[in-house]
Amino acid sequence: EINHIFELKKLCERAKVKGIDKQVLSKLCDHANPKNNYECWPSNKLLASEIGRSVRSVQRATKSLNLKGYISIKKRKWSNSSFPSNLYRIKIDRLEKDNSFF
C-alpha cells in the first residue's frame, strides 16, 4: 500500500494544473486511499486550513478540478439531511494521461 500512496503522490505532482487547483488536488491525494477506490471526504474547511486559503477558494478549485476531469464530486447526505462534506474520487486515468508525457 505504501508504494501505491507514493505513486499517487507522484501522479498528483505531475498533473497539468497550477496554483490553487494543484494545492487542492495534492491535498485530496493525501487524503485518498488506493484501497478505497481513491476516495476521500475531507471538508472544505479542512482543505482550506491545510493549504492556507479560504473555503470559497477551495470550492472553486474543486469545481475546476471536476470540470477538468481530475476528480469526481458526490454530495454526501446524512440521515438528518445535513451535508457533512463531499465525497471526492481521484480519477487515476486522468492523472496517468498527464504523466504519459514524461
Side-chain angles (χ1 to χ4, degrees):
E1 181 184 338
I2 300 285
N3 193 34
H4 289 297
I5 293 169
F6 177 73
E7 290 300 317
L8 177 61
K9 283 186 170 287
K10 262 188 4 189
L11 288 173
C12 287
E13 287 171 8
R14 293 180 177 164
K16 303 274 191 274
V17 293
K18 296 180 180 177
I20 189 169
D21 286 8
K22 177 82 103 186
Q23 291 175 308
V24 170
L25 180 60
S26 179
K27 283 299 164 187
L28 289 173
C29 286
D30 287 349
H31 288 282
N33 187 338
K35 287 186 175 178
N36 198 25
N37 292 321
Y38 300 97
E39 291 179 343
C40 59
W41 45 91
S43 67
N44 288 326
K45 187 176 178 181
L46 175 63
L47 291 170
S49 72
E50 288 178 339
I51 65 170
R53 299 289 191 108
S54 69
V55 168
R56 185 69 190 111
S57 293
V58 168
Q59 291 169 335
R60 281 192 295 270
T62 55
K63 182 177 180 180
S64 172
L65 290 166
N66 183 39
L67 290 171
K68 293 174 183 172
Y70 288 96
I71 63 171
S72 64
I73 304 172
K74 186 176 180 182
K75 294 273 185 214
R76 292 179 28 185
K77 189 175 180 182
W78 285 355
S79 58
N80 66 0
S81 297
S82 70
F83 294 91
S85 64
N86 292 324
L87 175 68
Y88 301 101
R89 177 177 283 159
I90 308 297
K91 294 191 173 180
I92 297 303
D93 54 338
R94 179 66 175 92
L95 291 175
E96 288 174 342
K97 182 179 171 193
D98 280 7
N99 279 263
S100 66
F101 298 109
F102 284 89

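Because only heavy atoms are used, hydrogens play no part in the values below, and waters and symmetry mates are left out as well, while side chains stay in.
- Sorted by first and then second residue, the salt bridge (charged side-chain N to carboxylate O under 4.0 Å, His left out) pairs with a member in residues 42-56 form an empty list; sequence neighbours excluded.
- Leu87 shares a hydrophobic cluster with Trp41; the chain of contacts runs through ILVMFWY side chains whose heavy atoms sit under 4.5 Å apart.
- Residues that satisfy the salt bridge (Lys or Arg N to Asp or Glu O under 4.0 Å) test with Lys10, not counting sequence neighbours, are Glu7.
- Taking the charged nitrogens against the carboxylate oxygens, Asp93 and Lys97 have no contact shorter than 4.0 Å, which rules out a salt bridge.
- For Arg89, the salt bridge (Lys or Arg N to Asp or Glu O under 4.0 Å) partners at least two apart in sequence or on another chain are Glu39.
- Membership of the apolar cluster around Ile90 extends to Leu8, Leu11, Val17, Ile20, Val24, Leu25, Leu28, Tyr38, Leu47, Ile51, Val58, Leu65, Tyr70, Ile71, Ile73, Tyr88, Ile92, Leu95, as traced through chained side-chain contacts below 4.5 Å between ILVMFWY residues.
- With sequence neighbours left out, the salt bridge (Lys or Arg N to Asp or Glu O under 4.0 Å) criterion links Lys68 to Asp21.
- For the residue pair Pro42 and Ser85, the shortest heavy atom distance occurs at O-CB, 4.0 Å.
- In this view, Ser54 and Ser57 satisfy the side chain to side chain donor-acceptor pair (under 3.5 Å) rule, not counting sequence neighbours.
- Scanning for salt bridge (Lys or Arg N to Asp or Glu O under 4.0 Å) contacts around Lys74 gives an empty result, with sequence neighbours left out.
- Residue Cys12 holds its SG atom at 13.5 Å from CD of Gln23, rounded to the nearest 0.5 Å.
- Counting only distance, with no hydrogens or angles, the side chain of Lys9 and the backbone of Asp30 share no donor-acceptor pair below 3.5 Å.
- Rounding to the nearest 0.5 angstrom, the gap separating the NE2 atom in His31 from the CG atom in Asn36 is 14.0 Å.
- Shown here for Ser72 and Lys91, the closest heavy-atom pair between the two residues is CB-CE, 3.7 Å.
- Qualifying disulfide (SG to SG under 2.5 Å) partners for Cys40, counting only residues two or more places apart in sequence or in other chains: none.
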